[in-house]
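Data first, discussion second: the structure below is written as structure tokens.
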Amino acid sequence: MTVETRPEGFSDPPLKKELPLLEDPAEAKTRKCCTPNIKMFLVALSFTYFCKTLSGSYMKSSITQIERRFEIPSSVIGVIDGSFEMGNLLVLPLVSYFGAKFHRPKIIGAGCMLMSIGTLLTALPHFLMGRYNYESTISASTNSSTVSFPCSQDPGQLTELEAQQQSSRIAACEHDGGSLMWVAVLLGNMLRGVGEATITPLGISFIDDFASPENSAFYIGCLHTIAVIGPLFGFTLGAFCARLYVDIGFVDLGSITISMKDSRWVGAWWLGFIIAGGTSLVSAFPFFFLPKTLPKEGGPEKDSTAAAEQNLLQGNQQTNATDEQPKIIDVAKGFFPALKRLLTNKIYVFYLIANIIMFNAFIILITYTPKYLEQQFGESTSKANFLIGVTSMPAVSLGIFFSGIIMKKFKLDLLGAAKVALGTAILGCLCTFPLFALTCDNAEIAGLTVSYGGTGISDLESSVSVACNSGCGCPVNQWEPVCGENGMTYVSPCFAGCNISRGSGKNTTFHDCRCIEAFPESGSGNFSAVLGQCPREEKCSRMFIYYLAFQSLSFFVFSLGSTPLYIINLRCVEPDLKSLSVGIFTMALRVLGGIPAPIYFGALIDSTCIKWGTKKCGGRGACRVYDNISFRLLFLGLILGLRLMGYVFFGFVIVQVKKKFTRDHRKASAEGEVFLKQEMKNNVLPEQKPAGLSEKEVESRA
């Protein structure tokens, strides 16, 4: 083995120091634009919020259609609506706590996929059920010469007609398996709730972690503003689908004898769920391309080399993510201590109680407003949904946007945010008081809301059969309203005492109606009727516009406090409890507000029903006519009462926040005094210390 020898005095040449390569500015700009950042996540999450609110608002707009299609009461439809919150309850605590420890963007993407599957499942019963058959005895034949006898004096003919109708109903029941198909709608809505549970707690906490403090509130405000566009499209989509007949494409629309304002009308409720499910599926994909963590916004600027090194380091961390993921057992050990810390926070507890109570009012409002407008003002489902979308939703969107600007401009602290939230809530509540005066009387329906002579009756639904129709043998459970030429609505042509009908479909007319003849309009000699209820009084149209205006104003004022109200949830807890606080907050709202509110209020609505429909196989179906006065007092009165109760507890939040600020100020003052004394002590040099003084004496002089 030979060893190389070097001449004496010979040394290695100095190594050349490698200079960093200068990056092309255009390439640097392109790389910077392609690097994941919080704004990319914000765009993806905003579209997801749009999709989830689109699906949710469309469900709200289709409540009446689903109720009529499956012939179920409002209490059952409340269970279906509350199933979304039940799905949230199943996974929300786990997602909120454990999800924050793992890859949050990917968990959100998986949730979006579940949300899409649940939305599509909701529409499935339409394709498994038979055609929709509403209550009707009118001929659907296109032969205009058809003549029938709604009120026949021939008992034998009446018995034969009833026998034919009974056999037809039995045959329809045998071929229709839709009696319990509403369970599939419930399960689909529940699955949608499971998927949606990942979006809010993980998305909001992710933004708050990686956005700068001054931009966090603004981003959340923008997020909620864009989310409100979802209901705008959702209610508009609901209005469009409600105009289409449920079995469009499979039936001859000319044979349909009911109009959109008829309480038996069912629109193409299933179509909107297919559209909403498709958009939810699209929203899932971007999250699978985002990293687990992002660079903190507003941090010190780094040169291109440092930024590249950071990206390389993040890539290596993601590659070895399996080795660095926390163990579930270790994470679970800290759950109950964290929950205890959260629930012993007085500010958070009072804040939670106040929001639960106010959320009950909110759920009642958004769930049953379309039904209230339909019944109170006699509008069609399509028109009610459309006007809710174009009036209320923009007002909410603007309110939420300005609430984010208020938080950013005035840099509100916890106490300031609480005061703004309570102030806007009280002011918005004051804007709802005029709604109590904007009302219409009950529609004049002979034997239900008024007597056949047009006077009021004390016992509703007790005077349907009178002398003019006593010989007709009309079934009491029948509902096929006709409008007499005297301006009175009758439960059916039979109860109007009509002897002859001519035409078919929507063009059917009824003549020789004895009840109209017995109580004719002044100066009228024609005793005929047409299909459908009589138009409501003219003032109802004006009242409807005023109602929408005041409702939009109140929504705008309420929304001004939305971002401050939400920021309290993030600021009143310790940083490591943010995700858990949002999750528990959302879970509590679902369990104690979202689930029970539509159920108990649906039962209250059922108590105001004065005319029920009948299922094909017998039994009580959906309600056809409500008592408007009782409905109005329940709807507006309960919402107002719940809001006022919530404001009381929110006042306790402000009291606790003030106490916290006082304690923090005293603590800071005490620490400042100790620090000042220590500094003064340290500044006394040994040569400046008088002879004979001890350290304690020097400290006392300081």
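It should be emphasised that the depicted structure is a prediction, and the values quoted were computed from it without experimental measurement. We count residues from 1, following the sequence as given.
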Minimum-distance pair of heavy atoms, taken over all atoms of [X] and [Y]:
X      : Y      : value
Tyr368 : Gly602 : OH-CA, 3.5 Å
Ser55  : Thr119 : OG-OG1, 4.0 Å
Asp81  : Lys60  : OD2-NZ, 2.7 Å
Thr489 : Cys534 : OG1-N, 3.0 Å
Ile364 : Phe635 : O-CE1, 3.8 Å
Ala361 : Ile639 : CB-O, 3.8 Å

Which label fits Phe544 and Phe377: parallel for a plane angle under 30°, tilted from 30 to 60°, or perpendicular past 60°?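 Tilted, since the angle between the ring planes falls between 30° and 60°.
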
Between His126 and Trp270, what is the ring plane arrangement, given parallel below 30°, perpendicular above 60°, and tilted in between?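 The rings of His126 and Trp270 lie parallel, inter-plane angle below 30°.
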
Residues two or more places apart in sequence or in another chain: which of them pass disulfide bond (SG atoms under 2.5 Å apart) with Cys468?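 Here the qualifying residues are Cys515.
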
Kindly write out the residues that satisfy disulfide bond (SG atoms under 2.5 Å apart) with Cys440, not counting sequence neighbours, or none if the list is empty.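 Disulfide bond (SG atoms under 2.5 Å apart) list for Cys440, sorted by chain: Cys540.
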
For Asp262, which residues count as a salt bridge (charged side-chain N to carboxylate O under 4.0 Å, His left out) partner, sequence neighbours excluded?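 Salt bridge (charged side-chain N to carboxylate O under 4.0 Å, His left out) list for Asp262, sorted by chain: Arg264.
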
Enclosure of [X] [atom1] (heavy-atom neighbours >12, cutoff 6.0 Å):
X      : atom1 : answer
Phe550 : CZ    : no
Tyr647 : OH    : yes
Phe436 : CZ    : yes
Phe362 : CZ    : no
Phe233 : CZ    : no
Phe127 : CZ    : yes

Give a yes or no answer on whether the side chain of Arg68 reaches the backbone of Trp265 with a donor-acceptor pair at less than 3.5 Å.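 Present.
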
Look at the side chain of Ser382 and the backbone N and O of Ala242, then say whether any donor-acceptor pair between them is shorter than 3.5 Å.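 The answer is no, because no donor-acceptor pair under 3.5 Å joins these two groups.
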
Trace of the ring pair (Phe, Tyr, Trp, His ring centres under 6.0 Å) decision for Tyr547 with Tyr372: CA-CA 11 Å; Tyr547 186 95; Tyr372 178 78; 5.7 Å; yes

Pick one: which of Pro434, Ser392, Cys431 meets side chain to side chain contact (heavy atoms under 4.5 Å, CB included) with Leu553?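 It is Cys431, the one option of Pro434, Ser392, Cys431 that forms the side chain to side chain contact (heavy atoms under 4.5 Å, CB included) with Leu553.
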
Approximate separation, where rounding is to 0.5 Å, of [X] [atom1] and [Y] [atom2]:
X      : Y      : atom1 : atom2 : value
Gln551 : Thr432 : CD    : OG1   : 10.5 Å
Cys241 : Ile274 : SG    : CD1   : 9.5 Å
Met59  : Arg192 : CE    : CZ    : 5.5 Å
Met260 : Lys383 : CE    : NZ    : 10.0 Å

Decide, yes or no, whether a salt bridge links Glu480 with Lys611 under the criterion of side-chain N to carboxylate O below 4.0 Å.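 Salt bridge flag = no for Lys611 with Glu480.
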
When the aromatic ring centroids of Tyr132 and Trp269 are compared, is their separation below 6.0 Å?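 For Tyr132 and Trp269, the ring centres are not under 6.0 Å apart.
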
